[in-house]
Amino acid sequence: MTDLHRLSIRELAEGLSQAKFSSRELTEHYLQRIAKIDPLVKSYVTVTPEQALAEADAADAALKAGNATALTGIPLAHKDIFCTKGIKTTAGSKILDNFISPYDATVVEKTKAAGLVTLGKVNMDEFAMGSTSESSYVGATSNPWALDHVPGGSSGGSAAAVAADLAPFATGTDTGGSIRQPASFCGLTGLKPTYGRVSRFGIIAYASSLDQAGPMARSAEDCAYLMNVIAGHDAKDSTSVKKEVDDYVTNLSNTSVKGLRIGIPKQYFNVVGLDADVKARVEESLKKLEEMGATLVEIDLNMTEAYVPTYYLIAPAEASSNLSRYDGVRYGHRCENPADLMDLYKRSRSEGFGPEVQRRILIGTYALSAGYYDAYYVKAQKVRRLIQQDFLKAFENVDVIAAPSAPTTAYKIGANLSPTEMYLGDIYTLAVNLAGLPAINAPVGFDKDSLPVGLQLIGNYWSESQLLSIVHQYQQNTDWHTKRAAIAEENA
Ligand code: GLN
């Protein structure tokens, strides 16, 4: 079969359980595609063919023996931020270039237990700091829709791999938009769950109070399958929540779009820098939802201007603390011939961290230092609470809130935006993490250059089923999520 990469997760599961093809055939098919097409896209940092084929054979045995799960034998890619036992985990940083984790992240453990096959690890911005995936020390990844454009970030490798059909779905993490924005730039569906829904154990920490893992795939249905595997409480992550996990697949048709109240924040559609095509496509998608029975309700989110400054204090503050562990002593990059301990620390860190990471460590350390702590960090925490309250107030009158996922479509590789320009591009995604809410990106069309545009729907706490269900129904009535980049049409 030459078109296995065109099948949805449900179709793959059916095909495997009915023995129309084996996991080995499917895995080989993807490995061949990666070998042929990924040199152009550069989405993978590490491909693991031997392990993948061994897992595929084990999956085929389980399928034969009748003890397979719903997803046994389906391949996936993991963002290179998830610790994988025996496979290098770099988080896109030179400082972790030689790091092989002695254990699996809980998310990885769960995908293995479900019988999923790991194809490899995919590229990302260094320590998930960025919006283009260009800050990775291994170099940039291309957007499958236009190879001279970025796939977004920080989960850009995950997005590019799925959009080029080099993996049927992938894991990502989202600290301030890193699942939703690359999904938007690459025409995919991506879900950032409620903080605490998915275990952070074994995910290289960026900003611990904001980090959350989630699925990236073509459709809401595909995302639901992966959510069923990765969601849930984990004793190894004290911030993961003991709360029953929905069956996201069964729930896909449970939310009625008829009568759904969708909040349209006044402030969001007047943002300077909101691209006219993005605005038009998002508005068209809302019109479609209206036709399907939803009511659009104008709402106020008065704290909009505070999102970027608040996030860019709290995230670097937490990052500066989390990244203090990389000191060249126990693991990771170590400088040559250190003169003394201080020299070892200084040079290992200066050589190991790229410029964006260094910038954030400086900002974060400054904001946390005695004398500035109250003025910056404590104040940002207070504003964070106000941002959360703003959302909670809005949810008294609406079921979900609509927004673009990003003010623009994908940037050109090497556009070299200033840090301020880059940070402003995160305006629509950051508040969701500050408030700990779930949100989803769905592809809703293209701009004048044929680059994908995404709609973001933000839900109240624990509304993952609702978000997936709304997007699923939108996708039953539209075909944006089925569009494929030319490079994905190529056969290996
Ligand atoms: N672009 C944002 C940042 O650079 C968000 C990244 C993320 O979600 N990991 O911090």
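Every number for a ligand or one of its atoms is a count from 1 in the order of the listing. Position 1 is the first residue of the sequence; numbering continues from there. The analysis underlying the following values was restricted to heavy atoms, covering all of them including side chains, and did not include hydrogens, waters or symmetry mates.
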Aromatic ring proximity, centroids under 6.0 angstrom, Tyr331 and Phe99:
yes
If you count every heavy atom of other residues, nucleotides or ligands that lies below 6.0 Å from Arg325 atom CZ, does the total exceed 12?
yes
Member of Ser135, Ser178, Ser154 meeting the side chain to side chain donor-acceptor pair (under 3.5 Å) criterion with Asp125
Ser135
For residues Ser199 and Lys236, is any side-chain donor paired with an opposing acceptor at under 3.5 Å?
no
Can you check whether Leu166 reaches Leu119 side chain to side chain, under 4.5 Å on heavy atoms?
no
Residue that, paired with Asp211, satisfies side chain to side chain donor-acceptor pair (under 3.5 Å) out of Thr173, Thr175, Asn322, Asn433
Thr175
Show the protein residues that qualify under the rule heavy atom under 4.0 Å from an atom of ligand 1, listing them in chain and number order.
Ala128, Met129, Gly130, Ser131, Ser154, Asp174, Thr175, Gly176, Gly177, Ser178, Tyr206, Tyr311, Tyr312, Arg360, Asp426
